[in-house]
Amino acid sequence: MSKIVQQDILQQLQQLQRVAQTALAQANTTEATREWYSEYLSRKGRLTSILRNLGSLSAEERPLVGKVANEVKAVLENALQERQTSIAQAELEAVRRAESVDVTLPGRPQNLGKLHITTRVLRDIYAIFTAMGFQIYDSPEVETDEYNFQLLNIPPGHPARDMWDTFYTTTPGLILRTHTSPGQIHAMREYAPEPIRVILPGKCYRYEAVDASHESMFYQVEGLAIGKHITFSDLKGVLINFANQMYGEGRKARFRKSYFPFTEPSVEMDIECVLCGGKGCPVCKYSGWLEMLGAGMVHPRVLQNGGYDPTEFSGFAFGMGPDRIALQKYGIDDIRYFFTNDARLFERV
Ligand code: PHE
């Protein structure tokens, strides 16, 4: 009877091992392996319940059954460990795959910025004048009354000051420049008695009633050439060459007599309207012409203030507004758009 019981238990153990191994192979998650453990190997598991019958065996029979039971237990424990390791690896791999970047996906389009229209015009101006031998000269935005007016032949009380009213600082005589012309004096005082060919770009400030074509801050580019035999023909040659390159060859330009205290004679240069080609439209106020710049031969007194002897030296100067040029060139009807930060402005260029 006892022999039969021993055989029976041994069989049960072997069967348990087979069943448990098959079940383990089907456990695909860490959670499932835990359930498997409690089913087969835990204190309330099937192995323990088989071993409960050990009591019915004789003292001689017990060791064999105990040995086999320990072997089965060891085999199953090893199998469990292997299974858990491989499941953990598979789970990690799955997470890695789920979180990985698909490098073949097309990128999100970047909204590339563009240069401000005024900056583009400034760069065009630099390119044209540097090709003609002009250097770019930097001069300050905060100026003295002396440089902005007096040395340019605009003494206190001169009526021309009305045209160039500005912002004043709390330091008497220290103001924001109303034009780039004071840079002429800086350049002359630095280079005299050498010849000069410079352009002076930068921001200027005016006390303006702001409207579609006037801002209280705007750009100017000044030009200055000083030498021994410089004539009005040089002024015309340089500026017509500039207009041809800026607006396209063959566009008509004209000079009108004008007045600036720091040039004599003084002119203004107009260009055939870029929008209507001279027929007349709202941009040119139906005149067919657009005002392009002010210019003239440097006044002898200004030459002197800069350190040049006017009986020996002569020169020409001009001043233009790149914001204006940008408005005309791109057909924009309001200078205030330049400062509103609305990027749609740049879609048309
Ligand atoms: N500074 C003048 C202005 O702001 C322009 C100018 C410059 C005219 C140089 C003549 C010569 O209106």
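Just follow the structure's listing: the first ligand is 1, and inside any ligand the first atom is 1. All of these numbers come straight from a predicted model, not from anything done at the bench. Values below: all heavy atoms of this structure, side chains included; hydrogens, waters and symmetry mates excluded.
Every residue two or more places apart in sequence or in another chain that forms a side chain to side chain donor-acceptor pair (under 3.5 Å) with Y147 is listed here: R189. Applying the side chain to side chain donor-acceptor pair (under 3.5 Å) rule to T104 yields the partners D102; only residues at least two apart in sequence or on another chain are considered. Applying the ring pair (Phe, Tyr, Trp, His ring centres under 6.0 Å) criterion to Y219, with sequence neighbours excluded, gives no partner residue.
Between the side chain of N78 and the backbone N or O of V75 there is no donor-acceptor pair closer than 3.5 Å.
None of Y308, F316, Y191 except one satisfies the side chain to side chain contact (heavy atoms under 4.5 Å, CB included) rule with I226; the exception is Y308.
Side-chain contact between I125 and F242 is present, with at least one heavy-atom pair separated by less than 4.5 Å.
In this structure, ligand 1 sits under 4.0 Å from heavy atoms belonging to W164, H179, S181, Q184, R206, Q220, E222, F260, F262, T263, G294, A295, A317, F318, G319.
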